[in-house]
Amino acid sequence: MAEGFLRHFAGDKAEIYSAGIETHGVNPKAIATMAEIGIDIANHTSNNVNEYTAVDFDYVITVCDNAQESCPYFPTKAQKFHYNFPDPAKAIGTEEEIKAEFAKVREMIKTYCADFVMHNFSGKSISSADPVNCL
């Protein structure tokens with residue numbers, strides 16, 4: 001969901017990558033939750049963070065404590081940011097309760113990503129030949 005929001009808010013100002021410490025596909029409930037607000041992440045992929053160790057990132061954002069603790073060192077000037085969002089895939093309860101948890105976390109991620117883009121990309125030129133790289 002964070003990749004979808006960062007792409008949405010940053011537009012051409014940044015090149016967004018997304019990866020995890022494990023790969024297991026994009027959660028269908030996350031796809032449906034984002035589609036509810038008009039953001040299509042159906043074609044996003046589940047990549048392993050080790051695929052990107054050669055990319056010179058400007059920013060690395062971890063979205064859960066497990067990722068922050070396990071995220072490899074990137075030998076770049078990358079600024080690291082961290083926010084521990086609840087994992088809606090671990091929600092239990094009825095379908096409606098799980099759907100509500102996905103929506104709640106979606107809104108938390110939306111707020112975080114909008115704020116991140118506003119504070120970090122607002123001075124960047126949209127026509128820049130070198131967009132910001134963000135993982």
Atom pair [atom1]/[atom2] of [X] and [Y] - distance to nearest 0.5 Å:
{"X": "Ile39", "Y": "Glu3", "atom1": "CD1", "atom2": "CD", "answer": "11.5 Å"}
{"X": "Ile61", "Y": "Ile16", "atom1": "CD1", "atom2": "CD1", "answer": "7.0 Å"}
{"X": "Glu107", "Y": "Thr33", "atom1": "CD", "atom2": "OG1", "answer": "10.0 Å"}

Please find the pair of heavy atoms, one from [X] and one from [Y], that lie closest to each other, and give the distance.
{"X": "Val60", "Y": "Ala78", "answer": "CG2-CB, 3.9 Å"}
{"X": "Gly4", "Y": "Ile41", "answer": "CA-CG2, 3.9 Å"}
{"X": "Val26", "Y": "Ile31", "answer": "CG1-CG1, 3.7 Å"}
{"X": "Ile109", "Y": "Ala2", "answer": "CG2-CA, 3.6 Å"}

Problem - Among Lys104, Met1, Arg106, the one residue meeting side chain to side chain contact (heavy atoms under 4.5 Å, CB included) with Pro88 - result: Met1
Exercise for the section: May I ask you to decide if the ring planes of Tyr59 and Phe81 are parallel, tilted or perpendicular, using 30° and 60° as cut-offs? Expected result: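 If you compare the ring of Tyr59 with that of Phe81, the planes turn out tilted.
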Practice task
Could you pull out all residues at least two apart from Lys99 that satisfy salt bridge (Lys or Arg N to Asp or Glu O under 4.0 Å)?
Solution key: Glu36
Practice task
Sort and list the pairs that fulfil ring-ring contact (aromatic ring centres under 6.0 Å, His included) and have at least one residue in residues 90-115, not counting sequence neighbours.
Solution key: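 Found Tyr83-Tyr112, Phe85-Tyr112.
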Using side-chain contact (heavy atoms from CB on, under 4.5 Å) as the criterion, list what pairs up with [X], not counting sequence neighbours.
{"X": "Thr111", "result": "none"}
{"X": "Val117", "result": "Leu6, Phe9, Ala10, Phe121"}
{"X": "Ala32", "result": "none"}

Problem - Note, Arg7 side chain near His44 side chain (heavy atom, < 4.5 Å) - result: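 Yes. Closest side-chain heavy atoms under 4.5 Å.
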Exercise for the section: Keeping the roles fixed (side chain from Ser46, backbone from His24), state whether a donor-acceptor pair exists under 3.5 Å. Expected result: yes
Exercise for the section: Scan residues 84-95 for pairs that pass salt bridge (Lys or Arg N to Asp or Glu O under 4.0 Å), counting only residues two or more places apart or in two chains. Expected result: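 Checked against salt bridge (Lys or Arg N to Asp or Glu O under 4.0 Å) - neighbours excluded - no pair reaches residues 84-95.
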